[in-house]
S.K.: 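Below is a structure I'd like to ask you about.
The model shown is predicted, which means the values in this text are computed figures rather than measured ones. Basis for what follows: all heavy atoms, side chains included, without hydrogens, waters or symmetry-related copies.
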There are 2 protein chains.
Amino acid sequence: MAMTAVPDLESLRLLVLVDELGSMGKAAATLGIAQPSVSKRLTTLEHRLGLILVDRTRRGSALTPAGRVVCGWAQRVLGELDGLLTGAEALRTRRDAELRVAASMTIAEHLVPTWIGELRKSQPELYVGLRVTNSVNVGELVHNGEVDIGFVESPSAPGGLSTKRVATDRLKVVVAPSHPLARRRSLSTAELAREGLVVREPGSGTRETLERALRRAGVGELTPLVELGSAAAVRGAVIAGTGPAVMSELAVAGDLVEGRLVAVEVTDLDLRRTFRAVWPAGRKVTGPAAELLAVAAGMR
Amino acid sequence: MAMTAVPDLESLRLLVLVDELGSMGKAAATLGIAQPSVSKRLTTLEHRLGLILVDRTRRGSALTPAGRVVCGWAQRVLGELDGLLTGAEALRTRRDAELRVAASMTIAEHLVPTWIGELRKSQPELYVGLRVTNSVNVGELVHNGEVDIGFVESPSAPGGLSTKRVATDRLKVVVAPSHPLARRRSLSTAELAREGLVVREPGSGTRETLERALRRAGVGELTPLVELGSAAAVRGAVIAGTGPAVMSELAVAGDLVEGRLVAVEVTDLDLRRTFRAVWPAGRKVTGPAAELLAVAAGMR
DNA sequence: ATGAGGTCATACCCTGTGGCTATGACAGCT
DNA sequence: AGCTGTCATAGCCACAGGGTATGACCTCAT
């Protein structure tokens, strides 16, 4: 048994397909490949994982208990992959898109693929083009008519643009479960400011929101412990126990429910921020842009 | 451009590695492969996605804006893959494991890989063996000494076993955002019972919990709309708009925050359940099992 | 009983992906 | 000017994974 190789995505998709359809042959048919290919692929997947996943009977194939668990994990992998693919397609389709969207990083990463996926249910053929930049730039793109609609996380509505709230995001103070702070029920704002934090570089939307909230609460500057270049890097550092950080709940929801991270309440500090759709002032949003807006605003 | 093929996982890992290390050569070195392989792989990845991800300069490679977004998505895919792999390893290592664990489906799927990952931080070489069955069976396995520790979601503590609460799970009523119920702020228990629900088959832990809660609230039987064989299938049906369902927040946390699903409050209905560790009564939990218990109980 | 229709597995071939080495082109240091 | 570090290209080879053909085996209907 080699078992050193990771399973490939096609095989995982095959596994869930066999679970749904109850037979390798049917799975092969829906994928448009030959039945022996499926058979072979599944056995190599089983070898790679070192597990027997499928119970091959003469009248179809069902998953073994182990197979069912793995299938659950596989679906989560494939779900994330789906997001990547629709996102990539949107990034690729820039100029010639029927619906051109601009969004800031956090929104693009966590919400836009979902929205597009939702939109596809009613308009399967719609070509969406996505541009990712900072909030200021999104405003400009909208203003210049380079995109049909934009999404920003900035607290201040840019001038000359109409806006509509599409979602509320909460920033959360998170620490590793092993960190001393994880035992604390809550934290005062002053304590948070004193605490050495893992933060993004200055200028990132998340950091701006945090600093603004601290200023508004009348507490001084924050004291960075390390500065990292991406939300993913910050998350990694916190999980590794480097220190606490303030992050969007979008980025850590899974970690919180599965216990990789622990959220600490901060009293008297408003760490909410609103995500807004923006479009040229006065003009009415029409066509696909309006549909997207409806989807985005509806899913709250 | 073919662009019909999906990217493979190795290439995604490569992408995040290049982002972290800032150079293809270093990425190649840490993976133990040759630099040209990395170069070629990344270009084929770019072709597959139809995007330019990497900015190749003479003194290293940085990700383009598109690359950074895709990198974020890639990390999420890889994170889920990690769970699958540690889970699979635990499933594979049954008999000869140093720590033998049994867990019911929900716990095995959502929590055990996380716990093992956490445990690995302090004991990298520990071999963990996992068995997945229903709660009754977990009890038996523990009783017969076939596993060192078990985890169950059953509300009743099995006889002859000591238990400790490790987590609290909330069942949530979820609907697709387009569903009429999504507009409702809250629902009465009676309304919920009348509503046609997408449910698991009788005997599933989730369904048992729901039925018990309804009985305790003095409301009659629930009215199934469809019965499906797995939590993933139920989730799929709800997202597709088939109807509302009652599901573990573990299974839908991501969907809620990203808006694929909407939770509806139910007044006066206690849909919490506790996850418990179980071990032979009286005996003291020692060694790796104690460590795992600490991890599981600590991460709350 | 026996054939029909369904399941999956095996054997064989062939293509394409992705690994390797060797080498080139280029930028920035010293 | 050379040295060092970057990435790209070219040519080679192995093997994973696709396809077809075929066999073994159940179950059901005739």
Side-chain angles (χ1 to χ4, degrees), chain A residues 1-64 66-67 71 74 78 81, chain B residues 1-64 66-67 71 74 78 81:
Chain A
M1 289 191 210
M3 219 172 325
T4 162
V6 305
D8 65 308
L9 291 160
E10 310 288 352
S11 304
L12 296 183
R13 178 153 288 142
L14 215 44
L15 183 68
V16 325
L17 218 50
V18 168
D19 184 36
E20 283 171 10
L21 303 177
S23 122
M24 294 191 182
K26 292 205 189 84
T30 63
L31 283 189
I33 64 180
Q35 168 265 318
S37 306
V38 172
S39 176
K40 192 162 44 157
R41 258 201 116 116
L42 278 179
T43 48
T44 68
L45 174 64
E46 288 180 321
H47 284 148
R48 290 218 174 117
L49 294 179
L51 291 170
I52 293 165
L53 304 172
V54 180
D55 191 8
R56 292 112 158 123
T57 81
R58 304 298 160 178
R59 61 163 169 293
S61 300
L63 300 196
T64 63
C71 184
L78 293 172
L81 179 72
Chain B
M1 290 190 210
M3 220 170 324
T4 162
V6 306
D8 64 309
L9 291 160
E10 311 288 353
S11 303
L12 295 183
R13 180 154 285 142
L14 214 44
L15 182 68
V16 325
L17 218 50
V18 168
D19 184 36
E20 283 170 11
L21 303 176
S23 123
M24 293 190 183
K26 292 204 188 86
T30 62
L31 283 189
I33 63 180
Q35 168 265 319
S37 307
V38 172
S39 176
K40 194 162 43 158
R41 259 199 114 115
L42 278 179
T43 45
T44 68
L45 175 64
E46 288 180 321
H47 284 148
R48 289 216 175 120
L49 294 179
L51 292 170
I52 293 166
L53 304 172
V54 181
D55 191 9
R56 291 114 158 124
T57 81
R58 307 298 159 177
R59 62 167 167 293
S61 299
L63 300 196
T64 62
C71 184
L78 293 171
L81 179 71

S.K.: Is any side-chain heavy atom of B:Val38 less than 4.5 Å from a side-chain heavy atom of B:Arg41?
M.R.: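 No, every pair of side-chain atoms sits at 4.5 Å or beyond.
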S.K.: Using a cut-off of 6.0 Å, state whether more than 12 heavy atoms not belonging to A:Ile33 lie near its atom CD1.
M.R.: yes
S.K.: Output the rounded distance in Å from CD (A:Glu46) to P (C:dC8).
M.R.: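 Interatomic distance, CD of A:Glu46 to P of C:dC8: 13 Å.
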S.K.: Can you pull the contact range of chain B along DNA chain D, 5' to 3', using atoms under 4.0 angstrom from its heavy atoms?
M.R.: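 So the contact region on DNA chain D extends D:dT6 to D:dT9.
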S.K.: Heavy-atom contacts under 4.0 Å between residues 15-26 of chain B and DNA chain C, which residues?
M.R.: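 Heavy-atom contacts with DNA chain C come from no residue of residues 15-26 of chain B; none.
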S.K.: Could you give the CZ-to-P distance, from B:Arg41 to C:dT17, as a whole number of Å?
M.R.: 12 Å
S.K.: With B:Cys71, which of B:Leu53, B:Val18, B:Leu15 fulfils side chain to side chain contact (heavy atoms under 4.5 Å, CB included)?
M.R.: B:Leu15
S.K.: So among A:Leu42, A:Asp19, A:Val54, which one has a side chain to side chain contact (heavy atoms under 4.5 Å, CB included) with A:Ser61?
M.R.: A:Val54
S.K.: Quick one: are A:Arg13 and A:Leu81 in side-chain contact, heavy atoms under 4.5 Å?
M.R.: yes
S.K.: In whole Å, what is the span from the CZ atom of B:Arg56 to the C1' atom of C:dA27?
M.R.: 17 Å
S.K.: Hey, could you give me the CG/CD1 distance between B:Leu63 and B:Ile52, rounded to the nearest 0.5 Å?
M.R.: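 So the gap between those two atoms works out to 13.0 Å.
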S.K.: On DNA chain D, nearest-nucleotide positions of B:Gly60 versus A:Ser11: which is more 5'?
M.R.: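 Looking at DNA chain D, the more 5' nearest nucleotide goes with B:Gly60.
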S.K.: C:dG6 phosphate, OP1 or OP2: any side-chain N/O from A:Arg58 under 4.0 angstrom?
M.R.: no
S.K.: Would you mind reporting whether B:Leu14 and B:Leu45 have side-chain heavy atoms less than 4.5 Å apart?
M.R.: no
S.K.: Measure the spacing between CG of B:Leu78 and CG of B:Leu9 and express it to the nearest 0.5 Å.
M.R.: 6.5 Å
S.K.: Would you say that more than 12 heavy atoms from the other residues, nucleotides or ligands in this model lie under 6.0 Å from the CG of B:Leu17, or not?
M.R.: yes
S.K.: By nearest nucleotide on DNA chain D, pick out whichever of B:Lys40 and A:Gln35 is the more 5' one.
M.R.: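 It is B:Lys40 whose nearest nucleotide is closer to the 5' end.
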S.K.: Rounded to the nearest angstrom, tell me the gap between atom CG in B:Asp8 and atom P in C:dG19.
M.R.: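 From B:Asp8 CG to C:dG19 P: 8 Å.
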S.K.: Using a heavy-atom cut-off of 4.0 Å across all strands, would you classify A:Ser61 as base, sugar-phosphate, or nothing?
M.R.: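 Since only primed, P, OP1 and OP2 atoms lie under 4.0 Å of A:Ser61, the category is sugar-phosphate.
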S.K.: Would you mind reading off the distance between B:Leu9 atom CG and C:dT17 atom P, rounded to a whole angstrom?
M.R.: 18 Å
